[in-house]
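Beneath this line is the structure, given in structure tokens, with notes to follow.
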Amino acid sequence: MTSLRLLPWLSVWMLALFAMLAGPAMAQTTLSAESDASVAEEQPSYAALADLLEDEQARQELIELLRNQASELPAGVAAELSPEAAAAGGNVAPEDVSLPRQLAELTSRVVGDVGGQIEQAAAIVGNMFTGQGTGSSFDMAAFMSAAINLGIVIVATFAIFMVFRRLAKSLFTKISGWSQQGTGLTPVLRLVLCVAVAAVVDILLIALAYVGGNLVATFAVGETGELSTRASLFLNAFLIIELLKAGVRMLFSSRYEGLRLLPISAQEASYWNRWLARLIGMVGYGLMVVVPLVNFYVAATLGQAVGTLIMLLAFIYAVGVVLKNRVRLRDNLNQMSARSTLTASRVSLQLFARTWHLFALIYFLMVFVLTLTRPGDALPFVLYATLKTLGAVVVGLLLSAFLTQTIGRRIQLSDDLRRKLPLLEVRLNSYVPNALRVLRTVIVVAVIMVVLDAWGAFNLAAWYASERGANLVGNLISVAVILIVALGVWLGLASLIEHKLNPETGHGEPSARAKTLLSLFRNALAIAMVTITGMIVLSEIGINIGPLIAGAGVLGLAIGFGAQKLVQDVITGVFIQVENAMNTGDVVTVGGVTGTAERLSIRSVGIRDLSGTYHIVPFSSVDTVSNYMREYGNHVGEYGIGYNESIDEAIEQLQLAFEDLKASEEHGHKLLADMTVAGVTALADSSVNIRVVIKTTPGDQWAVGRAYNRLVKLRFDASGIEIPFPHTTLYFGETKGGKTPPANVRILEAKAEKKRTETAPLSERSEDALQHNPEHHKPDHDDVDET
């Protein structure tokens, strides 16, 4: 054990032995002088108090006086803080004394009082050892008896407590195991439930040890049936201190992972549990055992000095621990901030990681100063404020963790509901993180308000009781209810539209018109919901929406006059949708643009043409809508044959090609009727044109036409029917004698030779190879005749 860890316990036990040593020596002089006066005044004071309480008016005045005294500073502190005290000894008027001057004077007086306490304590201790002012010598036998009796009570109480803790170890282990591995509840609820059960068991063990200590002190130590003052002080302090330690164990349980409320490691929990236990034990036993013993057996002045010394030692010990762990705790807080998903929490943790030691030092300094300036009510106030702060922070953390584990994870719907409403799960999972952020923000604000109220910086009860606070809370609740209802209505209507559009759950495959109108209705519904909800929320928080509505009307009128084209777009679009002129997915010609309608709004239509270009056509520029996908489509084909071909044979081949098309698995089901042969439509320059009409399902006329053209070409080629195409005839003219002059044609030798070689027989190729061989003997005469 290091010297820093040994300091608190060593100081407490030294002060306890000092009080036990001083008790027998000073008891006779102290008690003998006060016993007569107390006995003489005890009965009259009790009778006067009883008479006062029986009178209702006097009792009410006493209650008001006590409340006023509780809300005021002690007389000494108020006098020291007054401007008159600060101006004493100077030429400055009391009303001109500044606050820093008052604080400086207060600090000087506090230091002076502490110095006076130390001097008086030193004088008392010196008189005690020199025998001056005591009237009797030190009774060693009485001291040893009192020390042994108190030691027996202390050892017996702690032994009983440790035995009970040892026996309950298996129970704590089982509770911790169920908290970590249990099922049926969320982890946070299991943790809270198990910690509560373990706390109840721990409190029962403390109570049993307390009862056992009382039994030992009453029947086994000293005179039978009597409880000494020293034992009673220790047992009361033991009960309070161990209850505080039980609360610390709820936060920093080092031995049982499943019984620790704070999300820290076992090593960190063990360290802070030991440190807080030492600090609580040193301050608690010192102020609740040592100081009362010194006050009772020696002198109140010495007791006050001992209390100041205990708080000084505790302050030094706490400051040393804070400075020692400054960097380590900063790193832990930075790791927690890195894991946080809320931006506000992450930034707050990062700032707190840099400044936590300053808050801790200010806290301990404030406790030390309050103990010196307000010794009567400082510790209860600090203890209550600290417990309230810890409770608010822990409850906020647990509530945030519960919300994260309950609604923070991804929502998974059933397979049947996911099949019926495929977009509902995605929509819910997009809303939940935002709702969780809002709830966490509300929790953080509530925790901050409770902490400020605990330390007196903000009166939460008075603020809530005021008209402004009640209105603010009521408005926030109303806004939350409005938003929840609006979100529920939107989810219900959007899910209903989605249900109608789903071919598996609605009335089959919805029509294109139904898809378009329902999509437009969903968009209009979203705009209307946002507008209405925003107006209601603004009205609820106290903003007059009458001018907003009037302004919106005037603005709409101005827009109507200034944007006539926009109004025309909207009106034309409404009639186009009402008349079902086109729907999403239709192939249309609108405003001179032909393509597929990909998006329809109340103002314009988006068309994707065959080349992939996306066109936005406003309805104000639409005079005619040509829809190629209404009820059915027709492939109109014009097929030309040569003048020397038989028309009837060509029509027969066209019919055979249509029969091949009907037998096709890819296109046969797209045909709605037999092919219609319109006959010969034109005797063109080089062809005889025959027209056919094939009725198809809407939108399939182009694919059917392409397939039919292929089959017609195959049939015409198989039957030898000529499909005419442009020919060019070269005429070189005639002479007067009727003879045709020869054509002057020039042929490139290389290309002509290559072509002749490639097309010549094999025997000629061999001869040419011999001719082109450089080693071959070239004949003298020319074997090639000129033509």
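Arg608 has its side chain out of reach of Thr613: every pair of non-hydrogen atoms, C-beta onward, lies at least 4.5 Å apart. Looking at Glu645 and Ile723, their side chains never come closer than 4.5 Å, going by heavy atoms from C-beta outward. Contact of the Tyr639 side chain with the Thr681 side chain is not registered, since no non-hydrogen atoms from C-beta on lie closer than 4.5 Å. At least one side-chain heavy atom of Arg630 sits less than 4.5 Å from a side-chain heavy atom of Asn583. Between Thr533 and Trp490 the shortest side-chain heavy-atom distance does not fall below 4.5 Å. With a 4.5 Å cut-off on side-chain heavy atoms, Ile607 and Val590 count as touching. With contacts defined as side-chain heavy-atom distances shorter than 4.5 Å, the pair Asn689/Ser687 qualifies. Put simply, the side chain of Phe658 reaches to within 4.5 Å of the side chain of Ile694, judged on heavy atoms.
Side-chain polar atoms of Thr589 and Tyr628 form a donor-acceptor pair below 3.5 angstrom. Between the side chains of Asp648 and Ser646, no donor N or O sits under 3.5 Å from an acceptor N or O. Side-chain N/O atoms of Thr697 and Asp700 include a donor and acceptor closer than 3.5 Å. Inspection of the Thr584 and Asp586 side chains reveals no N or O donor paired with an N or O acceptor under 3.5 Å.
A salt bridge does not link Asp674 to Lys695: none of the charged side-chain nitrogens sits closer than 4.0 Å to a carboxylate oxygen.
Side-chain atoms of Asp609 come within 3.5 Å of backbone atoms of Ser611 as a donor-acceptor pair (strictly under, hydrogens ignored). With Gln701 contributing its side chain and Gly699 its backbone, the two residues share a donor-acceptor pair below 3.5 Å.
The number of heavy-atom neighbours closer than 6.0 Å to CZ of Arg710, taken from other residues, nucleotides and ligands shown, is 12 or below. Residue-environment remark: CG (Asn644) exceeds the threshold of 12 foreign heavy atoms within 6.0 Å. Within 6.0 Å of OH in Tyr632 there are 12 or fewer heavy atoms belonging to other residues, nucleotides or ligands.
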Test log, rule side chain to side chain contact (heavy atoms under 4.5 Å, CB included), inputs Leu487 and Leu483: CA-CA 6 Å; Leu487 183 61; Leu483 293 178; over 6 Å; no
Check against side chain to side chain contact (heavy atoms under 4.5 Å, CB included), Val677 and Gln655: CA-CA 9 Å; Val677 180; Gln655 291 286 358; 3.4 Å; yes
Side chain to side chain contact (heavy atoms under 4.5 Å, CB included) evaluation trace for Phe716 with Leu654: CA-CA 8 Å; Phe716 279 8; Leu654 291 174; 3.9 Å; yes
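The shortest heavy-atom contact between Pro618 and Ile616 is CD-O, 3.6 Å. Of all heavy-atom pairs between Arg599 and Ser604, the closest is NH2-OG, 3.3 Å. Pairing each heavy atom of Ala486 with each of Met529, the nearest pair is O-CE, 3.4 Å. Between Ala581 and Val625, the shortest heavy-atom distance links the atoms O-CG1, 4.1 Å. Residues Pro724 and Gly640 share a closest heavy-atom pair of CD-O, 3.4 Å.
For the atom pair OG of Ser539 and CD1 of Ile536, the computed distance is 8.0 Å after rounding to the nearest 0.5 Å. Taking CE from Met675 and NZ from Lys662, the interatomic distance works out to 10.0 Å, rounded to the nearest 0.5 Å. Here the CZ-CD distance, from Arg715 to Glu652, works out to 9.5 Å after rounding to the nearest 0.5 Å.
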